[in-house]
*Asks:* 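My questions all concern the structure below.
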Protein chains: 2
Amino acid sequence: MRSGSIDRKAQILKESTRLFSDAGYDKVTIKQIADACSITEPALYRHYASKEAIYDSVLDAIEVRLGTDDLFTALEKHSEIQPFLEEFAIHIIHYFTKNEDIYRLLLFSALRGHSKAKKVYQMIRGSYVKFLIMRLDRFFEEGKSIKKNNEVTARCFTGMVFDCALSTTLWKGFQGKAYKPEDVVANNVPIYARGLVTADEK
Amino acid sequence: MRSGSIDRKAQILKESTRLFSDAGYDKVTIKQIADACSITEPALYRHYASKEAIYDSVLDAIEVRLGTDDLFTALEKHSEIQPFLEEFAIHIIHYFTKNEDIYRLLLFSALRGHSKAKKVYQMIRGSYVKFLIMRLDRFFEEGKSIKKNNEVTARCFTGMVFDCALSTTLWKGFQGKAYKPEDVVANNVPIYARGLVTADEK
DNA sequence: TTCCTGAGTTAATATTTACTAACATACATA
DNA sequence: TATGTATGTTAGTAAATATTAACTCAGGAA
């Protein structure tokens, strides 16, 4: 890159991420991306070999944006199930509200059978599930939760939260009355937590 | 329709439903639909005015295929929360396993921002949620469940089940070990039910 | 100064694709 | 038997769109 000039490649990545998540791969044209970057179509090909190459880069870049490590560290402070699950859920919902494009892209590519969909899906969702399994196992060892298949439990709980996140983004306005994510979590996580804790704890 | 001849319009609907749910609106061509019906493209236009018209009909036809009335009648026999929720969940999961195309179509049309997406979504998911709210209200009146915002509760539980249904179809094989829907329900619905029932009941 | 290279342009191409025009024909009915 | 209509065909058209060809030009290195 020449000194003083803008980072065109980064600009293309940013604009195409926005466009692809808005409309999906097929509906976005090279011209749209080029226009969004204020250059012509052939100029795009100086930076990326093809439209597919741009899309690949967009999916690759998602990895960098996840950063779940901070969350997992923060969650260590909770020694009880309910507040732990609440913060876990709130984080996911807020994250996807702020990064709606990620989930849209994920759905688009998964539905289309894109080769990277599996990888991206496992990356995003799998990291949450894996951490939750580990923590649920520990809650059980500490005698705080009843015996369950924690792999299944973790998947389902994460699924419930992801679905809720979807309701506040993709399905926004589809379900009649809109609730704040905090209110939804405050209503439902206690149900789930109450169903998990050992009888003595109640 | 001429006697003895096949119902071409129904055939087009069936084949295009399959194709649209496989690949989404944009990726399906008129030629593909025509080929699937063993006719030429212009012949399609004898039955439908446009590609968009075919898609509209596909979404309209979903309504007919849902048939939740039977389920809701069958569920009346359950007087306890847990078996009720279990049959509710199992039904949805089995239904979407058998009719994977419906959920795929729903997602495609929602992502595409298709004008009918909202209607179809409300139709499919709303009917389950509405019924569940009504039943949860009754469980509470009977003193069988604790006080909750049942609209939120119903949405979340339905969301968890829908997500689980998705895991057995759209996300199949993405999550490592595959569990049978029955096993997933047997693990998770009791958690949720246990979190909902009044203390006396336990 | 000279020249190479990165980054851009305009113009064109090849392909895909929704849709139409014009024509053909078998069947039901008057 | 005659004929209109439903249903099909072949052969287009027009628009969209990914990609390429050929050329321009500014700025740093030799």
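Chain letters run A, B, ... following the sequence lines, proteins first and then strands; every chain starts at 1. Values in this document were obtained by computation on a predicted structure and should not be read as measured data. Note: hydrogens, waters and symmetry copies are ignored here, and every other heavy atom, side chains too, is used.
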*Asks:* Please report the distance, rounded to the nearest Å, between CD1 in B:Ile30 and P in C:dT17.
*Replies:* 11 Å
*Asks:* Can you figure out which of C:dT20, C:dT9, D:dA18 approaches the side chain of A:Lys51 most closely?
*Replies:* D:dA18
*Asks:* Can any side-chain N or O of A:Asn188 pair as donor or acceptor with the backbone N or O of A:Val184 at less than 3.5 Å?
*Replies:* yes
*Asks:* How many Å lie between CG on B:Leu44 and P on D:dG8, as a whole number?
*Replies:* 9 Å
*Asks:* Report the distance from atom CD1 of A:Ile12 to atom P of C:dG6, rounded to the nearest whole Å.
*Replies:* 16 Å
*Asks:* Applying the ring pair (Phe, Tyr, Trp, His ring centres under 6.0 Å) test to A:Phe162, which of A:Phe88, A:Tyr103, A:Tyr95, A:Phe157 qualifies?
*Replies:* A:Tyr103
*Asks:* Can you tell me if A:Thr40 touches the phosphate of C:dG8, counting only side-chain N or O atoms and a distance under 4.0 Å to OP1 or OP2?
*Replies:* no
*Asks:* Given C:dT9, D:dG8, D:dT10, identify the nucleotide with an atom nearest to the side chain of A:Ile39.
*Replies:* C:dT9
*Asks:* Please state how far atom CG in B:Asp26 lies from atom P in D:dA16, giving the value in whole angstrom units.
*Replies:* 15 Å
*Asks:* Students often mix this up, so state it plainly: with edges at 30° and 60°, are the rings of A:His91 and A:Tyr128 parallel, tilted or perpendicular?
*Replies:* tilted
*Asks:* In whole angstroms, how far is the P atom of C:dA18 from the NZ atom of A:Lys27?
*Replies:* 10 Å
*Asks:* Can you tell me how far C1' of D:dT17 sits from CD of A:Glu41, to the nearest Å?
*Replies:* 8 Å
*Asks:* Within this structure, what is the CG-to-C1' distance between A:Asp35 and C:dT9, rounded to whole angstrom?
*Replies:* 14 Å
*Asks:* To the nearest Å, how far apart are B:Tyr25 OH and C:dT17 P?
*Replies:* 13 Å
*Asks:* Nearest to the side chain of B:Arg8 - D:dG8, C:dA18, D:dT17?
*Replies:* D:dG8
*Asks:* Evaluate A:Phe20 against A:Tyr55 for ring pair (Phe, Tyr, Trp, His ring centres under 6.0 Å), listing each step before the verdict.
*Replies:* CA-CA 8 Å; A:Phe20 281 138; A:Tyr55 194 66; 4.9 Å; yes
*Asks:* Check the phosphate of C:dG6 against A:His47, side-chain N and O only, distance under 4.0 Å to OP1 or OP2. Yes or no?
*Replies:* no
*Asks:* Which nucleotide wins on minimum distance to the side chain of A:Arg46, given the candidates D:dT19, D:dC23, D:dT10?
*Replies:* D:dC23
*Asks:* Choose from C:dC19, D:dT7, C:dA11 the nucleotide whose nearest atom is closest to any side-chain atom of B:Tyr45.
*Replies:* C:dC19
*Asks:* So, taking the atom named CD1 in B:Ile30 and the one named CD in B:Glu41, what distance separates them when rounded to the nearest 0.5 Å?
*Replies:* 7.5 Å
